[in-house]
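Some notes on the structure that comes next.
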Protein chains: 2
Amino acid sequence: MRPSKVKNNEAIAAIRDVFREQGFDGASLTLLAEATGLQRASLYHRFPDGKDGMAMAVIDNVADYLEREVFASLESGGTWQDRLGVMCEQLDAYYNGGQTLCLLSAFSFGSVPEQVRLKARRMIGRWQDCLVVLAVDAGQSEAHAQILAEQILVEIQGGLILATLMNNIAPFQRVLNRLPKLLSETSEHNPSG
Amino acid sequence: MRPSKVKNNEAIAAIRDVFREQGFDGASLTLLAEATGLQRASLYHRFPDGKDGMAMAVIDNVADYLEREVFASLESGGTWQDRLGVMCEQLDAYYNGGQTLCLLSAFSFGSVPEQVRLKARRMIGRWQDCLVVLAVDAGQSEAHAQILAEQILVEIQGGLILATLMNNIAPFQRVLNRLPKLLSETSEHNPSG
DNA sequence: GTCTATATTTTGATAGAC
DNA sequence: GTCTATCAAAATATAGAC
């Protein structure tokens, strides 16, 4: 078969970045074509389901990345500090230090296909489960680990939104920096020994 | 002049809700017209600058609301607990308990006019300033109050995103519930007496 | 102030040559 | 696998009657 002009992974990364900046509805086929370096018709060859298919491919791609580079580490055998450190490094790179919004929040608005929304929901649930394991290893009770895992996701998402709104990465950086303390503090409501 | 079919405030509220659900680019004139009960051409009569003008009107409207119902209280003379309580009640109502996303995050994606982005930035800055006043009154040092004010905004925005992603208002409710504790805790890095 | 009708551009998507 | 050309639908926006 004819050689591809652009590798599939590169195309998906470009498409992903357009979705993250423009949201689902703002990501027009023209913008997506420009970002990939392909013509619109060529995008339909790779993604026969059009924009919906691209959104699915992108979210699957992100799920694979998180599973490989973040969740695997969170569930691995090192110290909880080291595993948290790996996550923060990965997220700092993935979100460009806080200059790039999260695909999951981009897909919270507009006419995103239901299948994509469900995959996003499963992904955030899986992420929380991994963070619960981490929090338990950090000495938290199972109940409080659930709350802490949720709070970590809240702060990451909120930190990205605030960094974008303020045009300043500091809020996101401060979120990453306070995660170790958050996990090591004991709660008076949920003492964990 | 001919009587208005719909009051301006009602129209703006309807437009605002469409923007919050659909984002800027997902909010088509057709959707906006349906939500207001007006025809597209009538929207252009009220907002000669079209969608950009509607976004401006909406963000001005939200700025007025926050100033009146939230910031005024944060800077008032009651106890910090009472003033925080007022803010949480107002936000809980405004965000529908966590079922509705924030206009500010909706306007973080896509082809939002630069003027609107700047107004959003000023609004979040003003909000942070008011929260700093609150945190200082809660006994925090000026430096730590800045950080706490930022964290509160981070958690509110993140809580809304997570509640939407998970289709569950609990994360947002937990954010509101932990704000009093957040403000009353002393930081070892920034002791405030 | 609201409406119907219409103009224009952009969008998502397909057909078919190479 | 990529492209040019094209389509139908939907988008933003305007004109003018009432």
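Each chain gets a letter, A, B and so on, in the order its sequence line appears, and its residues count up from 1. All heavy atoms count here, side chains included; hydrogens, waters and symmetry mates do not.
In this structure, A:Phe109 and B:Phe109 have tilted ring planes: the angle between them lies in the 30° to 60° band. Note on ring orientation: taking the six-membered ring where Trp is involved, the planes of A:Phe107 and A:Phe19 are perpendicular (angle over 60°, cut-offs 30° and 60°). The aromatic rings of B:Tyr65 and B:Tyr94 sit parallel, their planes meeting at an angle under 30°, below the 60° perpendicular limit.
Residue A:Thr30 places at least one side-chain N or O under 4.0 Å from the OP1 or OP2 atom of C:dT11. Regarding contacts with the backbone of C:dT2, every side-chain N or O of B:His45 stays at 4.0 angstrom or more from both OP1 and OP2. Regarding contacts with the backbone of C:dT2, a side-chain N or O of B:Arg46 is found under 4.0 angstrom from either OP1 or OP2.
Of the inter-residue distances, the one linking A:Leu29 atom CG with A:Lys51 atom NZ reads 7.0 Å to the nearest 0.5 angstrom.
One atom, CD of B:Gln39, and another, P of D:dA15, lie 19 Å apart when rounded to the nearest Å. Rounding to whole angstrom units, CZ of residue A:Arg40 and P of C:dA15 are separated by 16 Å. In this structure, B:Asp49 atom CG and D:dA13 atom P are separated by 9 Å, rounded to whole Å. In this structure, A:Leu29 atom CG and D:dA10 atom C1' are separated by 14 Å, rounded to whole Å. The distance from atom CE of A:Met54 to atom P of C:dG12 is 9 Å, rounded to the nearest whole Å. Atoms CZ (B:Phe47) and P (D:dT14) sit 15 Å apart, rounded to a whole Å. The distance from atom CG of B:Leu31 to atom P of D:dA11 is 7 Å, rounded to the nearest whole Å. Distance A:Lys51 NZ to D:dA10 C1': 12 Å, rounded to the nearest Å.
Of the charged side-chain nitrogens involved, at least one lies within less than 4.0 Å of a carboxylate oxygen, so that B:Glu75 and B:Arg126 count as a salt-bridged pair.
Counting heavy atoms from C-beta outward, A:Gln157 and B:Val154 have side chains that stay 4.5 Å or more apart.
In this structure, of D:dT12, D:dC3, C:dG1, it is C:dG1 that holds the atom nearest to the side chain of B:Arg2.
Hydrophobic clustering, with ILVMFWY side chains joined whenever heavy atoms are under 4.5 angstrom apart, groups A:Val62 together with A:Leu153.
Both A:Pro3 and B:Ala41 sit near DNA chain D, but only A:Pro3 has its closest nucleotide nearer the 5' end. Heavy-atom distances to DNA chain C give each of A:Tyr44 and B:Lys5 a nearest nucleotide, and the one nearer the 5′ end belongs to B:Lys5.
Among the protein residues, B:Ser42 comes within range of the nucleic acid bases, having at least one heavy atom under 4.0 Å from a base atom. Within the 4.0 angstrom heavy-atom criterion, only backbone atoms of the sugar-phosphate kind lie near A:Ala27; the bases stay farther away.
Near-neighbour residues of DNA chain C inside residues 107-117 of chain A, defined by a heavy atom below 4.0 Å, are absent.
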